[in-house]
Undergrad: 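Got a structure here, written out as structure tokens. Questions coming.
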Amino acid sequence: GELFVLSSMIVLLQVAHGCPDKCRCHPSTHFVDCSQQGLAEIPSDLPAQTRTLYLQDNQIRQLPAFAFRSVPWLMTLNLSNNSLSNLAPQAFNGLQRLQVLNLTQNSLLSLESRLFHSLPQLRELDLSSNNISHLPTSLAGPWENLTVFAVQHNQLQQLDGALLESMPSVRLLLLKGNLWKCNCHLLSLKLWLEKFIYKGGITDGVICRSPDTWKGKDLLTIPHELYQPCPPSAPDLGSSQTQQPSSAHGAAPRPHENHSLGERDLSECEFKPKPRPANLRHAVATVIITGVVCGVLCLMMLVAAIYGCTYAAITAQYHRGRLAQTNEPGKAEGKELFGSAPA
Ligand SMILES: *[C@@H]1O[C@H](CO)[C@@H](O)[C@H](O)[C@H]1NC(C)=O
Ligand SMILES: *[C@@H]1O[C@H](CO)[C@@H](O)[C@H](O)[C@H]1NC(C)=O
Ligand SMILES: *[C@@H]1O[C@H](CO)[C@@H](O)[C@H](O)[C@H]1NC(C)=O
Ligand SMILES: *[C@@H]1O[C@H](CO)[C@@H](O)[C@H](O)[C@H]1NC(C)=O
Ligand SMILES: *[C@@H]1O[C@H](CO)[C@@H](O)[C@H](O)[C@H]1NC(C)=O
Ligand SMILES: *[C@@H]1O[C@H](CO)[C@@H](O)[C@H](O)[C@H]1NC(C)=O
């Protein structure tokens, strides 16, 4: 009896500590390293206690829903340098404790907000070096614990400030190497970044790729005044309408990519360098007019003051003269009055 219990316990322990063929397991640290093994999918028999899982440098093409359901304690997941192009919306469901997710060097084309909702504890999300051209406009609720968000070297043209608003704790934001289109739609990003940097956040810069006027310029160095408000336009309506269908079908091609309408509306609201001189001229004219008016007013006040003083002096002299006259008639009148008048 006891022997049986003992042997079954040993078997159980072995199962618990079992390690997939192509991985190296470190039971004491709950670290499983399956990197560089030519894997095409997630190994099925991962130890349930795994906290750190390395799957980088493999050929994993997709993640099914609940791909990591066998490792609910996972805190760090490295999927860098695989061939992921499509993530099922529920791929990361069940990873309630995941803190670091590394998806760099894959072929992801877009992401949707549902993907994020299943990762409440996430602190670092690295999506750099993918082909992402679209991020959700916003998340339904705040993503409280996210402190690092990296989307360097993707195909992003726009990023809505509202998405960043839903990351209240973010401290490091990496955005370089995208196709930023510096028109009115990027203004919310600019405003958000200014606040972010003021509060001590760190970012690596949004370098405009288009329009030609701003190519190579950092979004933050383009003055506010150059921005024309976005017309309440079709692209906005379009994207909010297409969001739901696209998230329902995973990475369905977005109708947004039909540019015939979008391009025109976007070009209408690009930062315009022309209005600047006009505004500047207005400002300069205002300053000059104000200056002239002020100057004239000051001059008039000065004249009035001088006049007032002189008048007062003359009146005083006159009164004194009158007094003197009553005391010594005929003597001092003319002399004193003319002597003190120039003052
Ligand atoms: C990506 O993984 C492949 C193996 O799948 C490897 O040969 C290549 O060196 C890795 N690339 C980088 C940049 O690490
Ligand atoms: C894998 O990802 C983790 C978390 O992002 C990171 O700390 C680690 O350096 C990566 N490992 C390699 C070998 O790239
Ligand atoms: C993700 O992995 C890449 C390559 O291994 C590494 O350079 C990068 O620092 C990692 N990102 C994070 C947030 O750890
Ligand atoms: C953020 O992290 C803290 C501490 O780990 C945790 O208590 C909190 O529930 C997390 N927030 C969310 C939305 O899960
Ligand atoms: C992703 O982008 C790279 C370089 O920008 C390109 O070579 C590759 O074909 C793209 N892949 C997909 C699936 O679009
Ligand atoms: C874009 O959509 C319009 C209809 O809204 C259609 O007539 C046109 O052919 C589409 N263009 C492309 C490039 O798909």
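None of the values given here were measured: they were computed from a predicted structure. Indexing begins at 1, ligand by ligand and atom by atom, following the structure's order.
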Undergrad: Within a distance under 4.0 Å of any heavy atom of Pro120, pick out the atoms of ligand 4 and give their elements.
TA: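 In order of number, 12 (C), 14 (O).
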
Undergrad: Could you give me the CA-CA distance, side-chain angles and deciding distance for Leu173 and Trp192, then say whether side-chain contact (heavy atoms from CB on, under 4.5 Å) is met?
TA: CA-CA 12 Å; Leu173 183 66; Trp192 189 90; 3.5 Å; yes

Undergrad: What I'd like to find out is whether the side chain of Leu98 reaches to under 4.5 Å of the side chain of Phe68, using heavy atoms alone.
TA: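 A side-chain contact is absent here, since even the closest heavy-atom pair is not under 4.5 Å.
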
Undergrad: How long is the gap from CG on Leu103 to CG on Asn82, to the nearest 0.5 Å?
TA: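 Answer rounded to 0.5 Å: 9.0 Å.
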
Undergrad: Which residue supplies the protein heavy atom nearest to atom 14 (O) of ligand 1, what is that atom called, and how far is it?
TA: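 Ranked first by proximity to atom 14 (O) of ligand 1 is Asn81 ND2, 3.5 Å.
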
Undergrad: Is there a protein heavy atom at a distance of less than 4.0 Å from atom 11 (N) of ligand 1?
TA: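 So far as the 4.0 Å threshold goes, atom 11 (N) of ligand 1 is in reach of a protein heavy atom.
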
Undergrad: At a 4.0 Å threshold, what atoms of ligand 4 neighbour a non-hydrogen atom of Gln121?
TA: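 Numbered from 1, ligand 4 contributes 1 (C), 2 (O), 5 (O), 10 (C).
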
Undergrad: Counting from 1, what ligand 3 atoms have a heavy atom of Ser80 closer than 4.0 Å?
TA: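 Heavy-atom distances to Ser80 below 4.0 Å select 4 (C), 5 (O).
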
Undergrad: Please state which option from Thr76, Asp126, Thr104 has its nearest heavy atom closest to atom 9 (O) of ligand 3.
TA: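 Among Thr76, Asp126, Thr104, the closest heavy atom to atom 9 (O) of ligand 3 belongs to Asp126.
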
Undergrad: Is any side-chain heavy atom of Trp180 closer than 4.5 Å to a side-chain heavy atom of Leu156?
TA: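 Touching, per the 4.5 Å side-chain cut-off.
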
Undergrad: State if Gln59 counts as touching ligand 1 under the rule of any non-hydrogen atom under 4.0 Å.
TA: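 Yes, Gln59 has a heavy atom closer than 4.0 Å to ligand 1.
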
Undergrad: So, taking the atom named CG in Asn106 and the one named OG in Ser80, what distance separates them when rounded to the nearest 0.5 Å?
TA: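 Reported value, rounded in 0.5 Å steps: 7.0 Å.
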
Undergrad: Tell me whether ligand 3 is touched by Glu124 - counting only heavy atoms on the residue side and a distance under 4.0 Å.
TA: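 Right, Glu124 reaches ligand 3.
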
Undergrad: To the closest 0.5 Å, what do you measure between CG (Asp33) and CD (Gln56)?
TA: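 Output value for this atom pair is 6.5 Å.
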
Undergrad: Return the OG to CZ distance between Ser118 and Phe66, rounded to the nearest 0.5 Å.
TA: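 The distance works out to 9.0 Å.
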
Undergrad: Can you tell which part of Gln105 has a heavy atom less than 4.0 Å from ligand 1: side chain, backbone, both or neither?
TA: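 Contact part for Gln105 vs ligand 1: side chain (C-beta onward).
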
Undergrad: Please verify whether a non-hydrogen atom of Arg123 lies at under 4.0 Å from ligand 4.
TA: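 Yes.
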
Undergrad: Rounded to the nearest 0.5 Å, what separates atom CG in Asp160 from atom CG in Leu186?
TA: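 The CG atom of Leu186 is 9.5 Å from CG of Asp160, to the nearest 0.5 Å.
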
Undergrad: Under 4.0 Å from atom 5 (O) of ligand 4, is there any protein heavy atom?
TA: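 Yes, there is a protein heavy atom closer to it than 4.0 Å.
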
Undergrad: When you measure from atom 2 (O) of ligand 3 to every protein heavy atom, which one gives the shortest distance, and what is it?
TA: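 Ranking protein heavy atoms by distance from atom 2 (O) of ligand 3, first comes Asn102 ND2, 2.2 Å.
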
Undergrad: Do Asp204 and Gln152 have side-chain N/O donor and acceptor atoms under 3.5 Å apart?
TA: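 Checked: Asp204/Gln152 side chains pair up, N/O donor to acceptor below 3.5 Å.
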
Undergrad: Can you report which non-hydrogen protein atom sits closest to atom 8 (C) of ligand 4, along with the distance?
TA: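 So the nearest neighbour among protein heavy atoms is Asn145 ND2, 3.8 Å.
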
